[in-house]
Amino acid sequence: MASKAGDNPESLMALSTEYCLRNLQGTLCYLLDNKTLRLHPDIFLPSEICDKLVNAYMELVHTDGTFEMHKTFFLLFSDPRSTRLTRVQLRENTVQDRDLEAIRNQDLIELHLTNCEKLSSRSLQTLTSFRHTLVSLSLFGCSNIFYKDDNPRCFDDTERLVNPIRQVLVTDFTFQGFSRLRLLNLGGLTEQVDVEALLRPLGTLTSLDLSGVQLPRGAFLSQWRDRLTYLVLYNVDLAEEHVHTILQLTHLRHLDISRDRQRDRQGYKFKLTRKVLTAIIQSLLNLGSLDISGHIMQDNCAVALQEEAMGPPSIEPSKSSISPLKELKRPLQFLGLFDTSLCNLTHIPAYKVTGAKNEDQVLNAIEAYTEYRPEVASHAINHLFDIARIQHCNQLLRALQLVISALKCHKYDKSIQVTG
């Protein structure tokens with residue numbers, strides 16, 4: 001894993017980890033029956049090393065075409081007496097049910113699964129093995145994990161869930177018993193799942209991402225009124241009931257109600273108004289981060305030209321060119337305004353802003369949206385290309401690093417690969 005241009009040289013730990021992964025049989029393992037990797041019996045690896053091995057393995061799989069995958073790699077971590085895993089990040093279709101099953105005896109604290117479309121309901125059952133220890137869980141883009149196959153004998157794991165006709169929705173799974181879970185990402189959850197019933201047992205959540213999940217009732221969010229500090233409702237078509245509930249979540253420090261403007265053609269019912277934005281600022285006094293990207297404002301939120309503060313751009317709320325944001329007690333740490341007209345205003349009370357007005361806003365957008373919103377990141381990269389072509393790119397190194405990161409993160413996304 002080559003270091004980025006301009007970065008410090010890779011650490012000895014990173015170099016050693018990569019060497020071991022490329023030479024498993026010569027370092028940590030031996031081959032049983034010429035097909036199954038086994039850890040040498042005299043080796044014990046603590047979580048600090050095991051976590052790095054697994055996460056570095058996934059990065060090599062997705063970024064290095066010469067790296068050889070091992071079907072039995074995760075079996076190396078099946079026994080907690082010799083290996084300890086605590087924080088694991090797995091992504092894309094290289095991850096299968098058997099991989100999670102191999103590590104089911106580990107006491108995972110953090111498990112992030114991203115776009116693992118080959119995971120089926122078998123993996124839901126495996127998740128219950130971690131229910132007593134998990135603090136952070138992401139199932140973002142795992143679109144088949146709530147389905148089981150009605151005729152699994154016809155094909156193996158590599159072909160599983162290719163044919164949606166044979167899929168049967170699992171309706172009896174809930175997060176009952178996940179008593180320590182605080183951070184949950186269910187972005188892209190299939191719409192057939194009853195999200196209210198699924199989440200009802202999780203009364204102590206502090207962070208919730210429901211990107212792209214349609215919520216029949218907004219009132220169910222009120223069960224986290226006294227705890228929730230982080231809420232993402234990207235591409236969720238809100239209603240008045242949702243907004244009313246959101247205004248009651250007074251502990252929120254981060255709120256994301258942004259949308260992909262390209263999907264706006266489908267006809268969102270919810271329209272963000274000056275009144276709603278003002279209510280958000282007045283009610284959520286702890287807010288430090290807000291994303292309203294992609295919204296077409298129904299009325300003018302900009303201050304009148306004659307009231308515009310004079311002088312260079314300022315982040316002071318009292319000088320804000322966005323009228324509702326004058327109510328802020330302090331500048332926001334982050335404000336998402338990508339694909340809105342508001343990003344073009346002069347005085348924006350935030351330290352970091354996403355938008356398309358200038359290079360800094362565009363780079364912030366690529367950085368903020370690459371991991372979970374390639375459709376938005378692709379649009380931002382297009383803006384960056386226009387800046388480099390027509391004007392001059394002042395943050396060339398940062399731009400290069402962000403584009404390379406996007407290309408690595410979305411190896412199979414045509415919009416990112418073509419744009420980048």
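Along the sequence shown, residues are numbered consecutively beginning with 1.
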Subject >> N-O pairing of Lys408 and Asp64 below 4.0 Å >> reply: no
**OP:** Anything under 30° is parallel, anything over 60° is perpendicular, the rest tilted; go ahead and classify His383 against Phe338.
**Re:** perpendicular
Subject >> Shortest non-hydrogen separation from Ser222 to Thr245 and the atoms involved >> reply: N-CG2, 3.6 Å
**OP:** Return the minimal non-hydrogen interatomic distance between Asp237 and His242, and the atom names on each side.
**Re:** O-CE1, 4.2 Å
Original post:
Does a side chain donor of either Ser293 or Tyr369 reach within less than 3.5 Å of an acceptor in the other side chain?
Top reply: yes
**OP:** Using a strict cut-off of less than 4.0 Å between a Lys/Arg side-chain nitrogen and an Asp/Glu carboxylate oxygen, indicate whether Glu18 and Arg22 qualify as a salt bridge.
**Re:** yes
Subject >> side-chain hydrogen bond (donor to acceptor under 3.5 Å, both in side chains) between His112 and Ser138, worked out >> reply: CA-CA 4 Å; His112 288 185; Ser138 173; 5.5 Å; no
**OP:** Keeping the roles fixed (side chain from Glu359, backbone from Gln395), state whether a donor-acceptor pair exists under 3.5 Å.
**Re:** yes
Original post:
Taking atom types as modelled, is there a side-chain donor on Gln248 or His244 under 3.5 Å from an acceptor on the other?
Top reply: yes
Original post:
Judged by modelled atom types alone, do Ser120 and Asn144 share a side-chain donor-acceptor pair under 3.5 Å?
Top reply: no
Subject >> Residues Ser323 and Arg274: side-chain donor-acceptor under 3.5 angstrom >> reply: yes
Original post:
Of the non-hydrogen atoms in Leu342 and Cys301, which two are nearest, and what is the gap between them?
Top reply: CD2-CB, 4.1 Å
Subject >> Pro317 backbone acceptor or donor facing Lys326 side chain under 3.5 Å >> reply: no
**OP:** Please name the pair of heavy atoms, one in Leu284 and one in Leu249, separated by the smallest distance, quoted to 0.1 Å.
**Re:** CD2-O, 3.3 Å
Original post:
Can a donor-acceptor pair be found between the side chains of Ser136 and Arg182 at a distance below 3.5 Å?
Top reply: no
**OP:** Please report the shortest heavy-atom distance between Ser321 and Glu308, naming the atom on each side.
**Re:** OG-OE1, 2.6 Å
Subject >> Minimum heavy-atom distance between Pro324 and Ile281, given as atom pair plus value >> reply: O-CG2, 3.8 Å
Original post:
Is a side-chain donor-acceptor pair under 3.5 Å present for Ser47 with Arg84?
Top reply: no
**OP:** May I ask you to check whether Thr354 and Asn364 show a side-chain donor-acceptor distance below 3.5 Å?
**Re:** no
Original post:
With distance as the sole test, does Ser16 use its side chain to make a donor-acceptor pair with the main-chain N or O of Met13 at under 3.5 Å?
Top reply: no
Original post:
Hey, does the side chain of Ser129 reach the backbone of Thr126 with a donor-acceptor pair shorter than 3.5 angstrom?
Top reply: yes
**OP:** Using distance alone, with no hydrogens and no angle criterion, decide if Asp226 and His251 have a side-chain donor and acceptor under 3.5 Å apart.
**Re:** no
**OP:** For the pair Arg373 and Ser258, evaluate side-chain hydrogen bond (donor to acceptor under 3.5 Å, both in side chains) and give the outcome as yes or no after the intermediate values.
**Re:** CA-CA 11 Å; Arg373 302 175 195 178; Ser258 63; 3.0 Å; yes
**OP:** Check whether the side chains of Asp51 and Thr86 place a donor and an acceptor atom closer than 3.5 Å, and report yes or no.
**Re:** yes
Subject >> Ring-ring centroid check Phe73 Tyr57, cutoff 6.0 Å >> reply: yes
**OP:** Tell me yes or no: between the side chains of Gln192 and Thr190, is some donor less than 3.5 Å from an acceptor?
**Re:** yes
